[in-house]
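Remember, it's 1-based here, ligands and their atoms both numbered in the order they're listed.
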Amino acid sequence: MLKKCFLLLCLFPLLLQAQQNTEYPNDYLSPAFHAGRRAAVREMMPKHSVALFFASQVRNRNNDVDFVYAQNKNFYYLTGLEEPNSLLLIFKEPVTILDKTGTEFLFVQPRNPAREMWTGKILGVDGVKETCKIENVFTHDKFNYATIDMSKVDSVMTTFYTEGILQKYYGRGGVDPLSRMAQVVDSAMTLQKKPNASRTITNIIRGLRAVKQPEEIAILEKVVAMSVQGHNEVMKATKPNMTEYQAQAIMEYMFKKNGSEFVGYPSINGSGENTCILHYESNQRLMKDGDLLLSDCAAEYHGYSADVTRTIPVNGKFSPEQKIIYELVLMAQDSAFLQCKSGNASNEPHKAALRVITEGLKKLGIITSDAEVRNYFPHGTSHGLGLDVHDPNPPKLEPGAVFTVEPGIYIPPGSKCDQKWWNIGVRIEDDILITATGYKNLSAGSPRTVAEIEKMAKQKSIFK
Ligand code: GLY
Ligand code: MN
Ligand code: MN
């Protein structure tokens, strides 16, 4: 096991440099991947149906500053396109729109040189055809004039996100492209008269996204490796009198240094009592000698997120009580790992972890009944991982499923137990891939045991 970890640690730099030999990254999902996903969706669609997918809107942050654009993940999964104001239609049977016959049609925003000078290139019809290798691409203004023969279409399927866009923008009028498209979708496609099968299409796409293709696994391996580097650097650099936001800065520096575009979710770096706040994001506290630091942080790369948590002693050495709770969580995680195998129900890892934590807390006298365990371990152990940090997970584990295993124990001050346990919050979270023969822990390159963590804390950080 140790040997395996060492090998992984040696491989990380190679893994991370793989995409850096060209002027821009060249390891994006391929057009063939997206085409394959569209074909898989169409294959599962009911007869005589059409599915609609809107791109994410641009969201305003304040005044004239927008949030950094983040594409709708279903739209990205099916196209690879990262531009707003776009609409994808997939028909079960071929139809003719604007003199083109086919099953896939993409409406995109037009080129706009004046805007492009400020915010960068818009692909436009030719660029999208070239980049996404989709044949029937039009600018979205054409959608106004498109006649779509809906006489043979029985159901219009919109994901919940697309439905929201339609509700929000329908009838708004104006020149806003989304309003126009929503208007046309709703009237020309007689959305209100056709049964809308949102649940059907949502389930189809969730089912597909739950089992990762080899190209997705390759990206997930990279993003997890970047995240592991962040955690390991924080282990080396953390010391008393550093702030939580400085730990965050080190973590996110390592992500960016390796090419990550975003964090997968807001970084959680809680020390002391903040270790007991599950999604603590403000990261403002000064860390003290004797505290634990719980870091739940991960990078995002080419749309895919990792999700890794490590809990470490700020001064480099666990106190006796911290060690007891830490090792109980570790034991729970190890027993959950044993359930990570193809064919098992996806809640088996949680059942195993919950059993271990319940028994352990009873033995320590922290709880007296099984029901009380939810006071200290209030969340599930696993969720799928992929384009979303909380991605779909298949009901039964199968090769290609990627998910987290993340048991935790949180004992905030004031808890009904001996005060010596207060302020101890521990979560250990790893990213697991189910394989044909068992599982692979993608985040195994970051130490998990007390001895390994204390050893890494003694290593020199690039920030010390
Ligand atoms: N980082 C959020 C979670 O662990 O689910
Ligand atoms: Mn998680
Ligand atoms: Mn997490």
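- Among the atoms of D296, no N, O or S atom is found under 2.8 Å from the Mn ion (ligand 2).
- Ring geometry for F318 against Y326 counts as tilted: the plane angle lies between 30° and 60°, on a 0 to 90° scale.
- Because the distance cut-off is set at 2.8 Å, E406 fails to qualify as a neighbour of the Mn ion (ligand 3), as none of its N, O or S atoms comes that close.
- Looking only at protein heavy atoms, the nearest one to atom 3 (C) of ligand 1 is D307 OD2, 3.3 Å.
- Given atom 5 (O) of ligand 1, the protein heavy atom at minimum distance is H390 NE2, 2.7 Å.
- By the 4.0 Å heavy-atom criterion, V389 is excluded from the residues contacting ligand 1.
- Within the listing of ligand 1, atoms 4 (O) sit less than 4.0 angstrom from a heavy atom of E429.
- Note on H383: counted as a metal contact of the Mn ion (ligand 2), an N/O/S atom lying under 2.8 Å.
- Ring centroid separation for the pair H350 and F377 comes in under the 6.0 Å cut-off.
- Ring-plane geometry between Y77 and F33 is classed as perpendicular, the angle between the planes exceeding 60 degrees on a 0 to 90 degree scale with a lower cut at 30.
- As for E429, its N/O/S atom nearest the Mn ion (ligand 2) is the one called OE2.
- Shown in contact with H279 at under 4.0 Å from a heavy atom are these atoms of ligand 1, numbered in order with element: 2 (C), 3 (C).
- Using 4.0 Å as the threshold, R427 has no heavy atom nearer than that to any atom of ligand 1.
- Within ligand 1, counting atoms from 1 as listed, the ones closer than 4.0 Å to a heavy atom of D296 are 1 (N), 2 (C), 3 (C), 4 (O).
- Remark: side-chain polar atoms of T358 are not paired, donor with acceptor, to backbone N or O of V373 under 3.5 angstrom.
- Checked against the 6.0 Å centroid criterion, the rings of Y253 and F463 qualify as a close aromatic pair.
- Taking 4.0 Å as the cut-off, H379 does not count as a neighbour of ligand 1 on heavy-atom distance.
- Put simply, NZ on K212 and CD1 on I434 are 12.0 Å apart, with the number rounded to the nearest 0.5 Å.
- Residue contact check: Y265 has heavy atoms under 4.0 Å from atoms 1 (N) of ligand 1.
- No hydrogens or angles considered: nothing links the side chains of R310 and S295 as a donor-acceptor pair under 3.5 Å.
- Judged by distance alone, the side chains of H383 and E406 do bring a donor and an acceptor atom under 3.5 Å apart.
- Here H302 and Y76 keep their ring centres 6.0 angstrom or further from each other.
- Looking at D307, its N, O or S atom nearest to the Mn ion (ligand 2) turns out to be OD2.
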